[in-house]
Amino acid sequence: MRNFDLNLARVFVLLYETGSVTATAETLHVTQPTVSYSLGKLRRHFGDELFRRTGRGLAPTAGARRLYEPLRRALAEIDGTVRQADDFDPRAMTALFTIALSDLGEATLLPRLLVAARERAPGVSFTVRSFDVEAAEGQLRRGDLDVFVATPVLTSHRTVRIPLFQERYVGMVAADHPRVRGASVTLAELAAEHHATVFGPSGHVAPRALLAAHGLLDRVVVDATRFSMLPYLLEQTDLIAIVPEYVGEVFTASHRLRLVQLPFETEPIEIALYARHEYSRSPSQRWLVRFMAEVLGERLSPAQLPPHGDPTALL
């Protein structure tokens, strides 16, 4: 690719990963017409349309798909040699990050994130958005989000999935439940109880799927939209709910609740961090991804968490 401008390669890789002229322009700190002009030069250079406009943004052609990996690799090598001069210093710089979490993430992961940020990055602040499984990838691609944390496995060439930790599902009931008294519950006992479930845009579909698999959906008497309401509901009723174990541990540490083992095996679920490809991130976003992966990647016990309602208590 003789006489090929390296800046054009950057535009191409960003357009491929974001599918958006706007997001590419914002990342490169140039105008949208500048990106459009560069795209025109790329098309003439390669003799290929490269990207077609669709309802979901720019879709790469077969020619663009062939070009992406070698160009991405070349840019990654170049960037790796100069990145030390382009680092984000969290103790000396300020940054506002927009992250998306489910209500479970807000209740259990956000306090850990804020404790660590207050200690290591005093100039960093966060805007938290509700996680919507249908919209999150597009929000990340457009630059509306810096990262999001999710349980569903979302596959896209425009995002990177970074596993954080795994957990399983358990039952959760009031501490003084009148019938469920042991450390586990049988299938017959589970079938005799009424259930509370959650159905919403956060992507946790497994509890309802487990009930459906055992013919127990007709035992559901409350189908809410947010997991965070469950501890308040369960400690005042004789309902039972299926929840991720770590979430249950956090809830039982601050509410009159306890956990019981389910009578069937459940597939482990994996919580993951989603971000743009490393090349597509700004220096501050690269720091954010490393920071969140480190802080959230280790599952803490409830005793290591801040007291309920006080995310700064460990400072």
Side-chain angles (χ1 to χ4, degrees), residues 1-83 86 97-100 131-150 152-163 272-290 293:
M1 289 185 289
R2 190 173 50 187
N3 299 324
F4 185 69
D5 187 345
L6 188 62
N7 288 326
L8 291 180
R10 296 185 187 279
V11 170
F12 172 84
V13 170
L14 277 169
L15 284 172
Y16 191 97
E17 293 177 350
T18 67
S20 166
V21 170
T22 301
T24 297
E26 289 176 351
T27 301
L28 294 175
H29 303 291
V30 299
T31 64
Q32 292 183 41
T34 298
V35 172
S36 296
Y37 176 73
S38 297
L39 177 55
K41 292 181 70 174
L42 284 162
R43 284 167 167 163
R44 290 190 295 274
H45 182 91
F46 291 109
D48 189 289
E49 187 180 4
L50 297 179
F51 301 97
R52 298 187 180 97
R53 192 168 298 279
T54 70
R56 296 176 58 86
L58 297 177
T61 64
R65 288 193 291 272
R66 286 192 297 271
L67 289 168
Y68 169 69
E69 190 54 35
L71 287 177
R72 185 202 65 77
R73 257 196 323 266
L75 287 172
E77 290 176 5
I78 293 170
D79 283 350
T81 64
V82 299
R83 186 164 294 155
D86 195 28
F97 297 112
T98 302
I99 64 177
F131 170 68
D132 185 330
V133 69
E134 297 294 332
E137 192 273 339
Q139 292 169 334
L140 189 66
R141 173 174 54 83
R142 294 191 302 270
D144 298 334
L145 294 176
D146 293 298
V147 296
F148 64 87
V149 177
V153 177
L154 307 176
T155 56
S156 170
H157 67 269
R158 293 168 176 165
T159 61
V160 172
R161 183 178 185 272
I162 304 166
L273 177 70
Y274 287 82
R276 289 184 183 180
H277 288 272
E278 185 168 0
Y279 164 74
S280 303
R281 303 172 206 153
S282 66
S284 61
Q285 288 172 331
R286 287 196 288 269
W287 173 85
L288 176 68
V289 170
R290 293 194 301 270

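Because the structure is predicted, anything quoted here is derived from the model rather than measured.
Note that CG of L140 and OH of Y274 are 11.0 Å apart. Values are rounded to the nearest 0.5 Å. Interatomic distance, CD of E134 versus CD of Q139, reported as 11.5 Å (0.5 Å rounding). Remark: L75 CG to R10 CZ distance equals 5.5 Å, nearest 0.5 Å.
Side-chain atoms of T61 and D48 form a donor-acceptor pair, as typed in the model, at a separation below 3.5 Å.
Counting all heavy atoms, side chain and backbone alike, R43 lies closest to L50 at N-CD1, 4.0 Å. Contact between F97 and Q285 at its shortest, heavy atoms only, is CE2-N, 4.2 Å. Nearest heavy atom pair, residue L145 against residue A136, reads CD1-O, 4.0 Å. Taking every heavy atom of both residues into account, A64 and F12 meet most closely at O-CZ, 3.4 Å. When all heavy atoms of S20 and T24 are compared, the pair lying nearest together is O-OG1, 2.8 Å. In this structure, L273 and A293 approach most closely via the heavy-atom pair CD2-N, 4.2 Å.
Classified by interplanar angle (parallel below 30°, tilted 30° to 60°, perpendicular above 60°), the ring pair Y68/H277 is perpendicular.
Remark: of the listed residues T27, D146, T159, T27 is the sole one forming a side-chain hydrogen bond (donor to acceptor under 3.5 Å, both in side chains) with R276.
At a threshold of 4.5 Å between non-hydrogen side-chain atoms, the residues L58 and R53 count as touching. At least one side-chain heavy atom of F46 sits less than 4.5 Å from a side-chain heavy atom of L67. Taking the side chain as every heavy atom from C-beta outward, V289 and R281 approach each other to under 4.5 Å. Between V133 and L154 there is a side-chain heavy-atom pair separated by less than 4.5 Å.
Listed by first and then second residue, the salt bridge (charged side-chain N to carboxylate O under 4.0 Å, His left out) pairs involving residues 65-74 are E69-R72, E69-R73 (not counting sequence neighbours).
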